[in-house]
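Worksheet: the structure to be examined is printed underneath.
Below, all heavy atoms of this structure are taken into account, side chains as well, without hydrogens, waters or symmetry copies. Being a predicted model, the structure only gives us computed values, none of them experimental. Below, read A as the first sequence line, B as the second, and so on, with proteins coming before strands; counting in each chain starts at 1.
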Protein chains: 2
Amino acid sequence: MSNVPNVNSFEFLAASCKALSHPARLEILQTLALRGTCICGEIVDVMPLSQATVSQHLKVLKDAGLISWENDGQKSCYCINNETIRVLREKIEGLFGSLDNCC
Amino acid sequence: MSNVPNVNSFEFLAASCKALSHPARLEILQTLALRGTCICGEIVDVMPLSQATVSQHLKVLKDAGLISWENDGQKSCYCINNETIRVLREKIEGLFGSLDNCC
DNA sequence: ATCGTTTATCGTCGATATACGATATAAGTA
DNA sequence: TACTTATATCGTATATCGACGATAAACGAT
């Protein structure tokens, strides 16, 4: 949890949701969720966006801590950061989990 | 579900996350989750923002379908739209639910 | 060393978000 | 009818986003 930014208060949840607030980034996450791991080029191939734009979206996800990456030679290997996703899901359940039975 | 906008594809999830992507709006939702129902003025009193700004945030949440409201005389009564929240949580689980065991 | 490949970053620009004061609207009250 | 209260909207200023071409940086291959 120490490597997850801004875990407390609403800052973390707001920042995470902001990172999730673009369809292209959700598509990237889905791709990573399905494949486990992707090099940048694979993601670019899947997306109808320029390499620069995809790289920018990857950076947003990276900065939010939602994905991790490591260099494999000249390639960049991305995967979902499960710890952050876990905390995110917890926060969402914490906020909305009590609503099931009301209204 | 018919009154929930853009339920299919990532558009709904992205739009919902965008609405959730500001700490002030999360605080509004938390207040509503705790109290069940609030008139606008109660929310304004809780927030360190101007009435105009709070009203604008409420509009964002309203437009995203995350909250409902009805007029009570000259007052506006807001509450969480549980149906949208339910769909939202489903979509998030759909995207990330399979990650529990990996990496 | 030079060249091609892969990825990240820069610079730019139109669009959108955020905040607030001012104002409009609508409902209750004297 | 005037006055107050409650809320929404308008107008505006500033900041951030999202897209892309151009370029930089790092690596592998010849």
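Comparing Lys59(B) and Pro48(A) by the nucleotide of DNA chain D whose heavy atom lies nearest to each, the residue mapping closer to the 5' end is Lys59(B). Nearer the 5' end of DNA chain C, as judged by each residue's closest nucleotide, is the contact made by Gln51(A), out of Gln51(B) and Gln51(A). Position along DNA chain C of the nearest nucleotide to Lys18(A) versus Leu58(A) favours Leu58(A) as the more 5'-ward residue.
Between dA8(C) and Ser76(A), a contact under 4.0 Å exists linking OP1 or OP2 to a side-chain N or O. Residue His57(B) places none of its side-chain N or O atoms closer than 4.0 Å to OP1 or OP2 of dA17(C).
Looking only at distances, a side-chain donor or acceptor of Arg25(A) sits under 3.5 Å from a matching main-chain atom of Lys18(A). Asn81(A) contributes a side-chain N or O that, together with a main-chain N or O of Gly65(A), makes up a donor-acceptor pair within less than 3.5 Å. A donor-acceptor pair under 3.5 Å is absent between the side-chain atoms of Ser55(B) and the main chain of Gln51(B), judged by distance alone. Here the side chain of Ser76(B) pairs no donor or acceptor atom with the backbone of Asn71(B) at under 3.5 angstrom.
Distance from the side chain of Thr53(A) is smallest for dA19(D) among the nucleotides dT7(C), dA19(D), dG18(D). Comparing dA8(C), dG21(D), dA8(D) against the side chain of Tyr78(B) picks out dA8(D) as the nearest. Picking from dC20(D), dT5(D), dT6(C) the nucleotide with the shortest atom distance to the side chain of Gln74(A) gives dT6(C). You'll find that the side chain of Lys75(A) is closest to dT7(C), out of dC20(D), dT7(C), dA8(C). Comparing dG11(C), dA19(C), dA8(C) against the side chain of Gln56(A) picks out dG11(C) as the nearest. Listed nucleotides: dC20(D), dA8(D), dA19(D). Nearest to the side chain of Ala52(A): dC20(D).
Ring orientation note: the planes of His57(A) and His22(A) are tilted relative to one another, at an angle of 30° to 60°.
Ile28(B) has its CD1 atom 10 Å from the P atom of dA19(C), to the nearest Å. Separating the CG atom of Leu49(A) from the P atom of dT7(C) is a distance of 16 Å, rounded to the nearest angstrom. Atom CG of Leu20(B) and atom C1' of dT18(C) are 17 Å apart (whole Å). Taking atom CG of Asp72(A) as the reference point, atom C1' of dA26(D) lies 13 Å away to the nearest angstrom. As a whole-Å value, the separation of Leu61(B) CG from dA8(D) C1' is 15 Å. In this structure, the CD atom of Glu42(A) is 14 Å from the C1' atom of dT7(C), given to the nearest Å. The distance between atom CG of Asn71(A) and atom C1' of dT5(C), rounded to the nearest whole Å, is 15 Å. Taking atom CH2 on Trp69(B) and atom C1' on dA6(D), their separation rounds to 17 Å, with Å as the unit.
Ser55(A) comes within 4.0 angstrom of a nucleotide base, judged by non-hydrogen atoms across all strands.
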